[in-house]
K.L.:
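Take a look at the following structure, please.
Note: hydrogens, waters and symmetry copies are ignored here, and every other heavy atom, side chains too, is used. The first residue of the sequence shown is numbered 1, and numbering continues consecutively from there.
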Amino acid sequence: MTIRVIIVDDQAMVRAGFAALLSAQADIDVVGEAPDGRQGVDVSRSTHPDVVLMDVRMPEMDGLAAARELLNPPAGVVHRPKVLMLTTFDVDDYVYEALRAGASGFLLKDAPPADLIAAVRVVAAGDALLAPSVTRRLIADFAAQRPGRRRDPALRLNGLTPRETEVLELIARGLSNQEIADQLILAEQTVKTHIGRVLAKLDLRDRAQAVIFAYESGLVAPGDAG
């Protein structure tokens, strides 16, 4: 299956470079681009991409506002792409808020080309881009700056079984499904089932939101991951 991608960035050279790199892959098709968040939303609504590469800081509408519009569309808009944030900073408040809004992860603009290609494939497959330690650090850092920000998450934890809570904690520590399965001595498919139930019970979109939820609820303390 071909992965449909659009690139939203205010720098024409960045858009051209990313488009050339991704279009050279047999399984990726760049179907559009835009120089700001407002146009990015419009292009996404017309082309229905699987993945949107979204710059954080842009004129007209920044990447955070655009990501929120795409991930929480108005009534009547069915399509919701995966959003991968692009940033020049490894710890960025905008990126944290974008993850909370439902973005699937973030990537540094100066990452190696292979990382960009892999990131698009990972996000398109439905996984959050949380493997790099820098991402876990970003979430931990900003969760640490917001102690007691929300009481609701801790209460919602009460709806999980002990096993589901354990799985959520391991997700937040950055473990893959296979690593969780090995640690808990479970089949990987069983781990996927538990994760699906955790996301459904907590009304979370994906692993990125699950990690943030785990920090904000106090299940995992900042600095524990990694």
K.L.:
What's the spacing between Arg4 CZ and Asp29 CG if we round to 0.5 Å?
P.N.:
6.5 Å

K.L.:
With rounding to the nearest 0.5 Å, note down the distance linking CG in Asp10 to CD in Gln39.
P.N.:
11.5 Å

K.L.:
Say whether, by atom type as modelled, one donor and one acceptor occur between the side chain of Ser23 and the main chain of Ala19 under 3.5 angstrom.
P.N.:
yes

K.L.:
So how far is it from Ile171 CD1 to Asn177 CG, rounded to the nearest 0.5 Å?
P.N.:
7.0 Å

K.L.:
Whether Glu33 and Arg15 form a salt bridge (side-chain N of Lys/Arg under 4.0 Å from carboxylate O of Asp/Glu) is what I want to check.
P.N.:
yes

K.L.:
So, Asp9 side chain and Asp55 main chain: donor-acceptor pair closer than 3.5 Å or not?
P.N.:
no

K.L.:
Quick check for you: to the nearest 0.5 Å, what is the distance between Thr161 atom OG1 and Glu166 atom CD?
P.N.:
9.5 Å

K.L.:
So do Val211 and Arg173 actually touch side chain to side chain, heavy atoms under 4.5 Å?
P.N.:
no

K.L.:
Just wondering, do Met54 and Leu70 contact through their side chains at under 4.5 Å, heavy atoms?
P.N.:
yes

K.L.:
For the backbone of Leu71 and the side chain of Arg80, can you confirm whether one donor and one acceptor N or O come within less than 3.5 Å of each other?
P.N.:
yes

K.L.:
Identify the heavy atoms of Val120 and Ile3 that sit nearest to each other, and give their distance.
P.N.:
CG1-CG2, 4.0 Å

K.L.:
When rounded to the nearest 0.5 angstrom, what is the spacing between CG in Leu22 and CG in Leu116?
P.N.:
4.5 Å

K.L.:
Do the side chains of Leu84 and Val52 get nearer than 4.5 Å, heavy atoms only?
P.N.:
no

K.L.:
Hey, does Glu69 have a side-chain heavy atom less than 4.5 Å from the side chain of Pro74?
P.N.:
no

K.L.:
Does the side chain of Ile6 come within less than 4.5 Å of Leu53's, by heavy atoms?
P.N.:
no

K.L.:
Measuring only between side-chain heavy atoms, which start at C-beta, is Ile195 closer than 4.5 Å to Val167?
P.N.:
yes

K.L.:
Just by modelled atom types, is the Ala214 backbone N or O under 3.5 Å from a matching donor or acceptor in the Ser217 side chain?
P.N.:
yes

K.L.:
Going by ring pair (Phe, Tyr, Trp, His ring centres under 6.0 Å), name the pairs with one or both residues in residues 40-81, residues two or more places apart or in two chains.
P.N.:
His48-His79

K.L.:
Atom CZ of Phe213 and atom CG of Leu219: how far apart are they, to the nearest 0.5 Å?
P.N.:
8.5 Å

K.L.:
Between Asp50 and Lys82, does at least one N-O distance fall below 4.0 Å, as a salt bridge requires?
P.N.:
no

K.L.:
Under a 4.5 Å cut-off applied to non-hydrogen side-chain atoms, are Asp115 and Leu108 in contact?
P.N.:
no

K.L.:
Using a 4.5 Å cut-off on heavy atoms from C-beta on, say whether the side chain of Leu107 contacts that of Met85.
P.N.:
no

